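Comments concern the structure below.
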Amino acid sequence: MRFDLVTIFPGYFASPLGEALVGKAIESGLLEVRVVDLRPFSEDPHRKVDDEAFGGGPGMVLAAPPLVAALEALRAEEGAAAPHVVVLSPRGRRLDAALARELALRPRLVLVCGRYEGIDERVREAGLVDEEVSLGDFVLSGGEVAALALLEAVSRFVPGVVGEEDSVRLDSFEDGLLDHPHYTRPREFRGLAVPEPLLSGHHERIRRWRREQQFEQTARHRPDLLDRFAPRTPEDRELLDRVARRGRTP
Ligand code: SAH
């Protein structure tokens with residue numbers, strides 16, 4: 001899968017793209033990530049890409065001409081898959097696991113990082129934007145961190161990027177529930193013991209304990225997820241029932 005990151009701060013991505021899972025996926029060719037510096041697309045002699053807002057007010061706006069030129073160049077690239085263009089923006093669709101999974105089906109994403117007050121609305125009006133995505137209801141100073149979050153969340157769904165296929169399947173949100181808690185050595189730490197079922201060596205007990213904990217954690221931290229959860233097994237029905245009843249007793 002290919003990502004093109006359009007930014008006025010190309011240096012921003014050097015270390016995150018060189019490390020850990022994403023770094024390895026790039027090295028092995030599972031992901032191809034190109035950082036596209038917006039400035040060379042500016043016709044201005046000083047490579048200026050921003051300007052004052054019409055109507056006045058504080059803050060600059062990323063101008064339409066360089067961005068449109070960059071997006072058109074990316075779309076016109078020969079031999080490359082047609083890009084799905086995503087602008088990172090607080091007004092976009094909130095990023096979640098479902099959206100990440102959906103975007104992972106695209107062969108190529110172009111992620112446009114805004115800066116300052118945002119980008120000239122005519123980039124969207126000109127029909128060059130397929131989708132806007134937000135990280136949440138807060139304002140970042142630029143789209144770079146949001147683009148990295150999106151890239152990392154999406155790439156977990158690209159086959160092979162996460163080594164143990166199971167670890168994605170078992171992650172939070174995959175089946176509508178949060179993950180269960182995890183423990184590692186030492187067995188006892190500051191008087192705190194590891195829950196007994198995990199030490200039992202009994203696979204079925206461990207599985208049941210973890211499943212129950214998923215319901216427990218979801219009820220405690222994200223009751224909104226439980227409202228939407230549709231149990232598919234008798235065990236899940238029983239566990240859902242149990243946490244629901246517990247929730248109702250004060
Ligand atoms: N004036 C805008 C904020 C601009 S912040 C507003 O109030 O909505 C500058 C850039 O940061 C944006 O263009 C966008 O690319 C990025 N950004 C800020 N907050 C974001 C968020 N929650 N999700 C995704 N991108 C965000």
Side-chain angles (χ1 to χ4, degrees), residues 1-17 22 31 33-42 44 46-75 83-106 108-158 172-173 222 224-225:
M1 177 168 184
R2 171 168 162 189
F3 292 84
D4 302 271
L5 310 175
V6 181
T7 175
I8 59 169
F9 293 118
Y12 209 100
F13 298 102
S15 123
L17 295 180
V22 167
L31 298 181
V33 183
R34 300 199 192 172
V35 179
V36 180
D37 185 0
L38 189 57
R39 286 187 195 282
F41 292 95
S42 168
D44 177 84
H46 299 106
R47 296 281 171 251
K48 204 167 122 78
V49 289
D50 59 317
D51 214 328
E52 293 159 358
F54 278 121
M60 306 296 274
V61 177
L62 280 185
L67 254 176
V68 165
L71 292 176
E72 283 176 346
L74 289 171
R75 278 191 197 276
H84 183 73
V85 177
V86 175
V87 170
L88 284 310
S89 164
R91 74 181 181 194
R93 172 172 165 196
R94 181 93 62 95
L95 180 60
D96 60 12
L99 176 54
R101 186 184 280 282
E102 225 174 277
L103 291 173
L105 298 174
R106 306 264 176 192
R108 182 178 173 208
L109 291 179
V110 171
L111 306 182
V112 180
C113 306
R115 276 275 156 184
Y116 316 117
E117 290 307 316
I119 70 183
D120 190 307
E121 192 64 22
R122 289 169 296 181
V123 177
R124 186 189 56 78
E125 289 167 0
L128 287 156
V129 177
D130 296 305
E131 186 165 8
E132 295 183 83
V133 173
S134 168
L135 221 52
D137 292 348
F138 49 85
V139 175
L140 298 162
S141 303
E144 285 78 7
V145 165
L148 279 171
L150 189 153
L151 185 154
E152 192 160 310
V154 168
S155 59
R156 293 180 63 82
F157 292 114
V158 174
S172 290
F173 311 112
R222 290 292 306 278
D224 60 303
L225 293 179

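Whatever order the structure lists ligands and atoms in, that order sets their numbers, starting from 1. All of these numbers come straight from a predicted model, not from anything done at the bench. Just the heavy atoms: all of them, side chains too, but no hydrogens, waters or symmetry mates, feed the values below.
Which parts of ligand 1 touch Val133 is read off a 4.0 Å heavy-atom cut-off, strictly below it: atoms 24 (C). Shown in contact with Gly143 at under 4.0 Å from a heavy atom are these atoms of ligand 1, numbered in order with element: 11 (O), 15 (O), 16 (C). Numbered from 1 in the order shown, with element, the atoms of ligand 1 that lie under 4.0 Å from a heavy atom of Gly118 read 13 (O). Close approach of ligand 1 to Ala146 is summarised as follows: ligand atoms under 4.0 Å from at least one heavy atom of the residue are 24 (C), 25 (N). Those atoms of ligand 1 that come under 4.0 Å of a heavy atom in Gly136, given as number and element, are 22 (N).
The two residues Val61 and Tyr116 have their closest heavy-atom pair at N-CB, 4.5 Å. Closest approach of Leu38 and Ala70 over heavy atoms only: CD1-CB, 4.0 Å.
Protein heavy atom nearest atom 23 (N) of ligand 1, with residue, atom name and distance: Leu135 N, 3.0 Å. Protein heavy atom closest to atom 6 (C) of ligand 1, with residue, atom name and distance, is Pro90 CG, 4.2 Å. What sits closest to atom 15 (O) of ligand 1 on the protein, heavy atoms only, is Leu88 O, 2.7 Å. Among protein heavy atoms, atom 3 (C) of ligand 1 sits closest to Val139 CG1, 3.8 Å. Closest to atom 2 (C) of ligand 1 among all protein heavy atoms lies Glu117 O, 3.5 Å. Closest protein heavy atom to atom 19 (N) of ligand 1: Leu140 N, 2.9 Å. Summary of contacts: the protein heavy atom closest to atom 22 (N) of ligand 1 is Phe138 O, 2.8 Å. Among all protein heavy atoms, the one lying closest to atom 4 (C) of ligand 1 is Tyr116 O, 3.4 Å.
Contact annotation for Ser134 and ligand 1: heavy atoms of both the backbone and the side chain come within less than 4.0 Å of the ligand. Within the 4.0 Å heavy-atom criterion, neither part of Val87 lies near ligand 1.
By the neighbour-count criterion of 12 heavy atoms within 6.0 Å, atom CD of Glu52 is sparsely surrounded, having that number or fewer from other residues, nucleotides or ligands. The number of heavy-atom neighbours closer than 6.0 Å to CZ of Arg47, taken from other residues, nucleotides and ligands shown, is above 12. Within 6.0 Å of the CD atom in Glu131, the count of heavy atoms belonging to other residues, nucleotides or ligands exceeds 12. Heavy atoms of other residues, nucleotides or ligands lying less than 6.0 angstrom from CZ of Phe138 number more than 12.
Applying the side chain to side chain contact (heavy atoms under 4.5 Å, CB included) test between Leu103 and each of Leu111, Leu150, Leu151 identifies Leu150 as the sole match.
Salt-bridge annotation for Arg39 and Asp37: absent, with no side-chain N of the basic residue lying under 4.0 Å from a carboxylate O of the acidic one. In this structure, Arg124 pairs ionically with Glu121, as a charged nitrogen and a carboxylate oxygen lie closer than 4.0 Å. Taking a cutoff of 4.0 Å between a charged side-chain nitrogen and a carboxylate oxygen, Asp130 and Arg108 do not qualify as a salt bridge.
Annotation: Gly114 places an N or O atom under 3.5 Å from an N or O atom of ligand 1; distance criterion only. Ligand 1 has no nitrogen or oxygen under 3.5 angstrom from a nitrogen or oxygen of Val112.
Taking 4.5 Å as the limit, some side-chain heavy atom of Leu148 sits within range of a side-chain heavy atom of Leu17.
Within the structure, ligand 1 lacks Gly59 among the residues with a heavy atom less than 4.0 angstrom away.
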